[in-house]
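The block underneath contains the structure these notes are about, expressed in structure tokens.
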Number of protein chains: 2
Amino acid sequence: MVTAGRTANGDTKERLLAAAERLFGEEGFARTSLRAITLAAGVNVAAVHYHFGSKEALLAALFTRRAAPLNADRLARLDVIEAAAGDGALPLEAVLEAFVAPAFRLIAELDPAGPSPAQLIARFFSEPEEVVQRMLREQFGEVGARFLVALRRALPEVAAVEVGWRFEFMIAVLTHLLSRMHLLEIVPGRALGPADEATTIRRAVTFLAAGFRAPAGGAA
Amino acid sequence: MVTAGRTANGDTKERLLAAAERLFGEEGFARTSLRAITLAAGVNVAAVHYHFGSKEALLAALFTRRAAPLNADRLARLDVIEAAAGDGALPLEAVLEAFVAPAFRLIAELDPAGPSPAQLIARFFSEPEEVVQRMLREQFGEVGARFLVALRRALPEVAAVEVGWRFEFMIAVLTHLLSRMHLLEIVPGRALGPADEATTIRRAVTFLAAGFRAPAGGAA
DNA sequence: GTCTATAACGGGATAGAC
DNA sequence: GTCTATCCCGTTATAGAC
């Protein structure tokens, strides 16, 4: 198929992306060396710079590769919901699921075994690198804004400021789930047990929907 | 007061802790060099090794210094609630506030201006270092277990497994708040506005309480 | 207890052969 | 496109003077 000969496979770039996604997700960006990545990928150190240019550029490539389809999926689902609702109020659970479910889809579809891709996406929210924070704003800005509007339409009785805060709580729950779901948690004897994707989504949506609907005033 | 002479102040150790707390919290452990810390503290590089032994030991010192009183405060509040309740069911909002409020107290009491101490505590939950993860289990194990029991006592009508998951959601919301509260968020035009401590606590508790009480079944 | 100087190492990046 | 070899820098940590 290809013109010139090479080592054994032509997908060095893909192998690098896969290895980097896993290691960045598990160890974080700063702790992961290019040497560790290329070793895991079975390619040469220089390959990173040839294919991507720098360590940061590799990270950026990983980010957009996952975030773009993730957010496209979210917006497509939201389009459907908004079209079905016409001018009426939006169904809250549906909106929440449109935001949450694609992230879990990301886990299941790609690497059935490993914890890989979603963990990295979630980790982005806590990585201090400026590049990361800038890309977060770029990639999630539009989705966030549109979902915020949708949530307000779904909750006309809740003050807009409160919806804004609760939107932040939703992001918290989602990123926490994605980044830590695979490991045994801090508190022993939790016995959360392994749950399938659909159950986890339902759990999150149920919890979040109730929180979003709560009357704002109530003190204890 | 002191016997022998020295540079200008005797609180090198304290200055190191303060600088490290801020920098680790803002930049993360791996990205923060000892040079940056000692520069910010106005002390010599070697002082870190003299007073603490290593970079990791400095981190550990920071962790226990904050986590211990934080969790003691939580448990004390829980004691009061349990004593008042006798054998009856526990009041959910009170239990949640006993868990959430001490963390915010941590912010307000110590450094009224800066974002410092709580941000680091929250960051611990996403730092990949094994030391950090081990200390998390050690320091938060007891508190987590006791609050989990208390939450189940407060919610006899909710399945124990669900309470376990929702406990995890609560940690998500809290850490997210503590680590990111200071900065403008990803979605522009949110207009969350600056909120005082009491309001933020009330917001979180209201949201969480409703989520915890939600009937488990409901699909959309 | 505090400093300077330096050791010992690993990191990202690049040049140039193939 | 892929490799080897190497540059150059910043890092933690330590030894030893003061």
Side-chain angles (χ1 to χ4, degrees), chain A residues 1-63 120 127-132 135, chain B residues 1-63 127-132:
Chain A
M1 299 300 187
V2 276
T3 46
R6 57 189 60 141
T7 42
N9 46 19
D11 49 6
T12 300
K13 201 167 175 177
E14 206 54 45
R15 296 167 62 84
L16 277 172
L17 286 169
E21 184 158 65
R22 183 174 65 81
L23 289 170
F24 284 158
E26 288 172 356
E27 297 289 318
F29 180 75
R31 272 175 62 90
T32 305
S33 70
L34 289 181
R35 295 179 147 83
I37 294 170
T38 51
L39 178 71
V43 307
N44 192 273
V45 210
V48 172
H49 296 94
Y50 178 80
H51 286 286
F52 299 96
S54 74
K55 189 186 177 187
E56 275 202 351
L58 169 59
L59 184 72
L62 281 170
F63 184 85
L120 179 58
E127 292 278 9
E129 276 76 18
E130 312 143 21
V131 208
V132 174
M135 291 199 304
Chain B
M1 303 299 187
V2 277
T3 47
R6 57 188 58 141
T7 40
N9 46 19
D11 49 5
T12 301
K13 202 167 174 177
E14 205 53 46
R15 297 167 62 85
L16 276 173
L17 286 169
E21 185 159 64
R22 184 174 64 82
L23 289 169
F24 283 159
E26 289 172 356
E27 297 289 319
F29 180 74
R31 271 175 64 89
T32 305
S33 70
L34 290 182
R35 294 176 142 82
I37 294 170
T38 51
L39 179 70
V43 305
N44 194 273
V45 209
V48 172
H49 295 94
Y50 177 79
H51 285 285
F52 299 96
S54 73
K55 188 186 176 186
E56 274 202 352
L58 170 59
L59 184 72
L62 281 169
F63 184 84
E127 292 277 9
E129 276 78 15
E130 312 143 20
V131 208
V132 174

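Just so it is clear: chains get the letters A, B, ... in the order the sequence lines come, proteins before strands, and each one is counted from 1.
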If you find the nucleotide of DNA chain D closest to A:R35 and the one closest to A:H51, which residue's nucleotide is nearer the 5' end?
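Result: A:H51.
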B:T12 side chain near C:dG1 phosphate (N/O to OP1/OP2, under 4.0 Å)
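Negative; the distance criterion is not met.
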Side-chain N or O of B:S33 versus OP1/OP2 of D:dG10: is the shortest distance under 4.0 Å?
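Indeed not, no polar side-chain atom of B:S33 lies that close.
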Which of the following nucleotides, C:dA13, D:dA13, C:dT4, is nearest to the side chain of B:A46?
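The closest nucleotide is C:dT4.
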Ignoring the backbone of B:H49, work out which of D:dA13, D:dA15, C:dG1 is nearest its side chain.
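Among D:dA13, D:dA15, C:dG1, the one nearest the side chain of B:H49 is D:dA13.
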Would you name the heavy atoms of [X] and [Y] that are closest together and state the gap between them?
| X | Y | answer |
| --- | --- | --- |
| A:A20 | A:L62 | CB-CD1, 3.7 Å |
| B:A57 | B:F52 | CB-O, 3.3 Å |
| B:A40 | B:R22 | CB-NH2, 4.0 Å |

How many whole angstroms separate atom [atom1] of [X] from atom [atom2] of [N]?
| X | N | atom1 | atom2 | result |
| --- | --- | --- | --- | --- |
| A:L39 | C:dG11 | CG | C1' | 15 Å |
| A:K55 | C:dT14 | NZ | P | 15 Å |
| A:F29 | C:dG12 | CZ | C1' | 10 Å |
| B:L16 | C:dC3 | CG | P | 10 Å |
| A:L58 | C:dG12 | CG | C1' | 13 Å |
| A:R31 | C:dG11 | CZ | P | 11 Å |
| B:Y50 | C:dG1 | OH | C1' | 5 Å |
| A:F52 | D:dG1 | CZ | P | 12 Å |

Identify whether NZ of Lys or CZ of Arg in B:K55 sits under 6.0 Å from the centre of the six-membered ring of B:F29 and within 45° of that ring's axis.
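Ring-cation test returns yes.
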When we call it a touch if two heavy atoms are under 4.0 Å apart, what does A:T32 touch: a base, just sugar-phosphate, or nothing?
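Sugar-phosphate contact only.
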To the closest 0.5 Å, what do you measure between CG (B:L58) and NE2 (B:H51)?
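Answer for the CG-NE2 pair, B:L58 versus B:H51, is 11.0 Å.
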